[in-house]
Every structure is written in structure tokens, then in C-alpha cells.
There are 2 protein chains.
Amino acid sequence: MHKTLPLPPLTAIRVFEAVARHGSFTNAASELGMTQAAVSYQIKVLEDRIGAPLFLRRPRQIALTEVGQRLAPVVTQVFEQLSEAYVSARGGAQGTLVISTIATFASNWLARRLGSFQIAHPSLAVRLQTDPHLVDFSREEVDIGIRSGRGDWPGLVAHRLINADFAPMLSPGLAASIGGVKEPADLLRLPLLDPGDPWWARWFAAANVPVEGLASRPGASMGAQVYEGNAATAGQGVAILTPAFFAAELADGRLIQPFDLLCDDSQAYWLVYPESRRNSPKISAFRQWILGELGPSKR
Amino acid sequence: MHKTLPLPPLTAIRVFEAVARHGSFTNAASELGMTQAAVSYQIKVLEDRIGAPLFLRRPRQIALTEVGQRLAPVVTQVFEQLSEAYVSARGGAQGTLVISTIATFASNWLARRLGSFQIAHPSLAVRLQTDPHLVDFSREEVDIGIRSGRGDWPGLVAHRLINADFAPMLSPGLAASIGGVKEPADLLRLPLLDPGDPWWARWFAAANVPVEGLASRPGASMGAQVYEGNAATAGQGVAILTPAFFAAELADGRLIQPFDLLCDDSQAYWLVYPESRRNSPKISAFRQWILGELGPSKR
DNA sequence: TCTTATGCATTAAATGGCCTTATGTATGAT
DNA sequence: ATCATACATAAGGCCATTTAATGCATAAGA
């Protein structure tokens, strides 16, 4: 057990510092935003604790006693140090934004846009941390998380970013090679990328296209969408993809989505952070940025 | 107007320092003499103010976050400085005893005895300040005063030291030179020292001895007693003196007081100090010493 | 695997430190 | 002599702080 340091009443010391600096109870009170009576009280408290007067009460002014003169400079300096450390802690706490995200979102969405956030907030360092499990903000040093799920985490604020829905996509050239894709069954005349992905079976079922022979292996599709997207853009086949991850390709025509039919995994990607830090500047900044990014393109 | 420094909640900082040092809310609580719940609350307050967690809550232990790691050493150091200054102020306040006294008492009584006080309290420096007016403790840096008066000063504790009474004194040799002093009138056969002192007239009146011709000039007797006492001891005449100031001479026979008749000026010497500082160690020490000095010899 | 122990979080309620308002006192200025 | 200034004091209220009781999660042990 560590020896406890003998410390003066801190409230009183705070008041003493201001009084010593001003040489006046009244002026110190106005700086501290309290009444002169409160200052008088605190000084008395401190004088009682120290066992000696700190000020001489002269008619229209006060003067530090010897004891007060020895105490005042130390106290002033101590508060300066403390203030600096405090301000720096508040500031430093805002200097780095740690994002814990799952790899899929990082590579398919965040990677290409994060630059604009960093340009908008040049004083904020961003640390990306991809991690498959749901971060526990109370035991890991992470500011915000991006996770899939249902958005109902207790104690956390969750903003829905994008739905994890999916539809077939292919390059315009590949579609033209069979004279255009008119109906879902047409897709079966083209190579399917990762045909074992359970999303295929689900989508064709929703489209009322009976399909056999789609190997039913466990899909490693999550996180690999970016590769399949590249392959599809290159015209190598039809991929089943989440449109929000390929908004740019769909917009500029590198990929087309021939059917509006979207299937749903009943999953979504969420931005999450602790309720208690809702108003942290860096978290506000990121929230504002990411929701703005989603607004214009795909909502 | 000085710019107000931004400061953290000081109570919370105090708790934070202990927690950081112990690495435990529970242990810090016991050091601080409060409950673990209170510690938890204060840490939360500080974390809210700073806008970031200071500790990571891991299963059976906590760990400082980066923000906490930067804050903790500064805070610890700041409290060490503050504690040192505080202790030193409390101690320093007890290192010097400033006595404001009137010259008579200083020269006739204190001067010869103060040495024993300083020997008994070698760590206490004594500063004697002779000053004719009654010290105002609220505007002068004085610890104790010795003054004559009636002992009824509001806000001050007053201990009666000695009565300012008086009686004729002379050396045994001088008394023998006229065959001994048997009755008050015998004194008139000897030279009176400072015959103009009003004390003489008053004493002879009390002794029912009619006297004429005592020059009625304003007596400078107060403060001069020590000189008259020396002259009397040397056999140069009869002096009218305050017995308490010549206890040693009376005890060893250098002076005799032929008559018990004491006259009274209705004055006394008092030790005074502010009620609020009654328990200050140095004041207690002096009070105890001076009352002890009076006890054995003359009470 | 179940039980126990440890350590922090939370809630509601009690406490008292701290502040304010109102007023008093002393002194210097007009 | 009256007014203005600055600190002291008294009474009362409020809210920050604390406590007691309880919950929760995890690690250790049987």
C-alpha cells in the first residue's frame, strides 16, 4: 500500500491561486464565477487547514503573508501544469480515430473513400483495425466499429450504413455476347463466378428460376466480393454482389445489374459507437462524413 | 483580467491519480478512504469531461488507455509538488514565532528568560518586535502579543501574566545604613529614585504617609524600571518597582521589599493571540512555556 | 461443468460541502 | 459627514459526492 500524500483541500487551493494572482477576493471571485463570500469562505478553510493566515487584511487591499508567498508560486505552477496536461488529454483524445471494421467493408467500401475523410480532417490520424469479432469498447481502445448485424446492441448507437443485399452483376460486354440479358434464366448461359455461394441459390429461387447443380459448398463470399467484382468487370463471368459495394462501377457502366430483384440476407452494415461518446468531436466528424458519403450515392 | 485556465474536476483528478497508481479501483478506494462505487463515479466524471476513456476495463484488472497513460504521470507529479508545498507551508508556518510586545515587558522580564524557551524549542525561531500599539493580528504578521490592559479584547484569547503592581525596593545594605527600614516613613530618610514617578505618591498615600514635595513630573517609569532596579541594587536609593519584574533579585537578596503593601495600577500584562489560532503548535508551546515560567516563581 | 470469488458498474437514497443572498464592519475618498 | 469599496459573517438551500445494496462478467477452483 502506497503512502497517501497529505493534500490540501483542492477547491480551496484553486480559489487561493486565483486570489493570490489577483490580490483581491472580489476580483478572484468574478474570475472564478462565484461570489466574494464563497471566496472568503474558501480562504478561511485553507487558512484553518494550514494553521496560519495566508493573507493580511489591509484596508483596501490584501497582501500575502510569508506563508502565502511561499505557497502561491508553487500552486500557480502546479495548476499550469495540470491545465496543460488536461487540455492535451482532451485534445490528444481527439487526435486519433481508431476504427474497428470487418475486412469486407474495409476493402469493398471504406478503402476507396477514406482518403476524402482524411483530407477533410487533416489533424485526425485514422487507424484501421480489421477484426472479425464485435469489438467491446469497454476493453479495447477503439473509437468506432463497423459491423454487420441487426443493429440492436445495448449501450451502443448504431447507424445503418448499407444493406447486405445482393443481385447478379456482369460487364456490359459479357451481356452483349449473348445478345443481352433479358430474363433471369439468361444468366445461366454465362459462367457464374463462385457458383457455390449460397446467395446464388437464394437469388434464383426468388426469381422463380429452378436451378440444379450449384455446388453447395460453404461460401467464402464475404470478403471476397472485391475479387469477384474485379473478375466480373473484366468480363470473366457473372457475379452476385452487393450493389452498394459497386456503386461506382454501376454508375460508370463498367458493371450492369440487369434485374432490380434484390435478395436480402436480413443483414446490414452498421456504424456503431458507445452512446456515452456520441458527442465526441472525432466520432461526430466520422459519423457526419460517412452518412454524407452514403447520402448522394446510395441510400 | 487574467485568462482562466481550463482545469479538470479536481476531486476526480485526485481519484484518478490514486487509481492510476494502484491499477485498481478497489485499492484506490481503500487508500482514499472511500467506497469503490465513489471511485467508479469519479472516474466516469473525469472520462466524460475529457471525452475519452482513461482505463480499459479488463476482466480482473484495468489498464490505462493511451490518454490515461499520458495524463497519469503529470498528475502524480503535480500532486507530489502540491503536497510538498502544502506540508512545507504547514511546517513553515510553525517555524517562526513573532512576538509583539511592549518594551517594558521585553526588557524587564522576557529578555532574561527567552533563552530557556529557545532551548526547549530549538526548531522555533523567535522574532521579538517591540511596538507601543496593540497589534492587530488581522493586518500584521504577528503570532502573539504581550500587552497591558484589562484583558477583554474581542476575538482574542488573553492570559494574565503579571499584575502591574508596585512597591518600594532597596538593597539590604542601604536599609542597614539607617538601621533597617521598619515603617514606610523610614523610606523618606533615603534617596528616592525618580521621585516624580506618580507611583510614589500613590504608594505613600496607600501607606498613610503624608508626603510633600514629590515633583509631579510625568513619569517615564514604564520601561525604565530595569534601570531603576539596577540603581537600587547598587544601593543608590529606593526604587518603586513591580515585584514580578525583580523576582530573581528579591529571591537572592540583592533587593528587599520591606513592606507587603502593593499598590495597583489596575493594569496587568497579558499574553494574547487570536482565538482561531488557539491550537497552533507554536502558540501552544509558547503559552505553555510562559505560564510554566510564571508558575514556580511568581504567580 | 458447476461453484465460488473477485472486481467494476449501477441504482437510489442520504449527506454535507459549497455556494448564494443578505447584512455587517472597517476604511478611504469625496 | 456621507458615500463607496472590500472583506467578514450568518443563514439557508442545493447539488455534488458518497454510501449501501445489488448486478454483471470473468477467472479460478473443485
Side-chain angles (χ1 to χ4, degrees), chain A residues 7-16 18-20 22-49 53-65 68 133-140 153-156 274-277, chain B residues 7-16 18-20 22-49 53-65 68 134 136-140 153-156 274-277:
Chain A
L7 285 176
L10 297 177
T11 311
I13 283 285
R14 165 93 159 103
V15 172
F16 167 73
V19 173
H22 283 92
S24 154
F25 284 28
T26 305
N27 294 343
S30 86
E31 169 181 316
L32 296 169
M34 54 199 227
T35 59
Q36 171 268 320
V39 170
S40 180
Y41 169 82
Q42 292 295 347
I43 295 298
K44 175 174 293 245
V45 165
L46 188 55
E47 287 179 330
D48 285 350
R49 282 292 193 90
L54 294 165
F55 297 96
L56 299 174
R57 276 69 168 181
R58 302 263 178 65
R60 316 263 297 195
Q61 70 179 33
I62 55 175
L64 283 163
T65 61
H133 72 273
L134 177 58
V135 66
D136 180 339
F137 291 97
S138 74
R139 65 184 65 171
E140 286 168 65
W153 295 284
L156 300 183
E275 271 170 10
S276 59
R277 278 190 264 168
Chain B
L7 286 175
L10 297 175
T11 311
I13 284 284
R14 166 94 161 103
V15 172
F16 167 74
V19 173
H22 283 93
S24 155
F25 284 30
T26 306
N27 293 344
S30 87
E31 169 181 314
L32 296 169
M34 52 199 235
T35 59
Q36 171 268 319
V39 170
S40 180
Y41 169 82
Q42 292 293 348
I43 295 298
K44 175 177 295 253
V45 165
L46 187 55
E47 288 179 328
D48 285 350
R49 281 294 193 88
L54 294 166
F55 297 97
L56 299 174
R57 276 70 166 180
R58 301 262 177 64
R60 316 262 296 196
Q61 70 178 37
I62 56 174
L64 283 163
T65 61
L134 176 58
D136 180 340
F137 291 98
S138 73
R139 63 184 66 171
E140 285 168 65
W153 294 284
L156 300 183
E275 271 171 11
S276 60
R277 280 189 263 169

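This is a predicted model, so every value here is computed, not measured. A, B, ... follow the sequence lines: proteins, then strands. Residue 1 opens every chain. Note that these values count all heavy atoms, side chains included, but never hydrogens, waters or copies made by symmetry.
- Among all heavy-atom pairs drawn from A18(A) and E31(A), the shortest one is CB-OE2, 4.2 Å.
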Which side-chain N or O atoms in residues 56-63 of chain B pair as donor and acceptor under 3.5 Å with protein atoms at least two apart or in another chain?
residue: R57(B); atom: NH1; partner: E47(B); partner atom: OE2; Å: 2.8
residue: R57(B); atom: NH1; partner: F55(B); partner atom: O; Å: 2.8
residue: R57(B); atom: NH2; partner: E47(B); partner atom: OE1; Å: 3.2
residue: R58(B); atom: NE; partner: R139(A); partner atom: O; Å: 3.3

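- Considering only side-chain N and O atoms, K44(B) lies nowhere under 4.0 angstrom from the phosphate OP1 or OP2 of dC8(C).
- For the pair R49(A) CZ and dC18(C) P, the computed distance is 9 Å after rounding to whole Å.
- The side chain of P59(A) has dT27(C) as its nearest neighbour among dA8(D), dT27(C), dC8(C).
- If you take CG of N27(A) and P of dC7(D), they are 8 Å apart, rounded to a whole angstrom.
- Within the 4.5 Å cutoff, the side chain of T11(A) has no heavy atoms near those of the L10(B) side chain.
- Of all non-hydrogen atoms in T65(B) and P53(B), the two that sit nearest each other are OG1-O, 2.8 Å.
- With values rounded to the nearest 0.5 angstrom, L32(A) atom CG is found 10.5 Å from N27(A) atom CG.
- For the pair F16(B) and G68(B), the tightest heavy-atom approach, listed with the atom from each and the gap, is CZ-O, 3.8 Å.
- Side-chain nitrogen and oxygen atoms of R57(A) include at least one within less than 4.0 Å of the OP1 or OP2 phosphate oxygen of dA8(D).
- Look at CD on E275(A): it is 11 Å from P on dT10(C), rounded to the nearest Å.
- Taking atom CD of residue E47(B) and atom P of nucleotide dC8(C), one finds them 13 Å apart after rounding to whole Å.
- Annotation: the terminal axes of the helix from dT1(C)-dA30(D) to dT30(C)-dA1(D) meet at 20°, where each axis is the rotation carrying the C1' atoms of four end pairs onto the next four (5 pairs per end, rounded to 10°).
- Residue Q36(A) places no side-chain atom within donor-acceptor reach of the base of dA6(D), judged by atom type and a 3.5 Å distance cut-off alone.
- For R60(B), the listed nucleotide lying nearest its side chain is dT6(C); candidates were dA8(D), dT6(C), dC8(C).
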Are any protein N/O atoms closer than 3.5 Å to N/O atoms in nucleotides 13-18 of chain D? If there are, list each pair with its distance.
residue: dT18(D); atom: OP2; partner: Q42(B); partner atom: NE2; Å: 2.8

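- To the nearest angstrom, P of dG28(C) lies 11 Å from CD of Q61(A).
- Across all non-hydrogen atoms, the minimal contact from W153(A) to L134(A) is NE1-CD2, 3.3 Å.
- Separating the CE atom in M34(B) from the OG atom in S30(B) is a distance of 11.0 Å, to the nearest 0.5 Å.
- Of all heavy-atom pairs spanning A12(A) and L46(A), the tightest one is CB-CB, 3.9 Å.
- Atom-to-atom, CG of D136(A) to P of dC24(D) comes out at 16 Å; the value is rounded to the nearest Å.
- One interatomic measurement links the two molecules: NE2 of H22(B) to C1' of dG7(C), which rounds to 15 Å at whole-angstrom precision.
- A sub-4.0 Å separation between OP1 or OP2 of dA6(D) and a side-chain N or O of T26(A) is absent.
- Among all heavy-atom pairs drawn from F25(A) and Q36(A), the shortest one is CB-CG, 4.4 Å.
- Rounded to whole angstrom, the span from the CD1 atom of I62(A) across to the P atom of dC7(D) amounts to 6 Å.
- Phosphate contact (OP1/OP2 of dC8(C), side-chain N/O of R139(A), threshold under 4.0 Å): absent.
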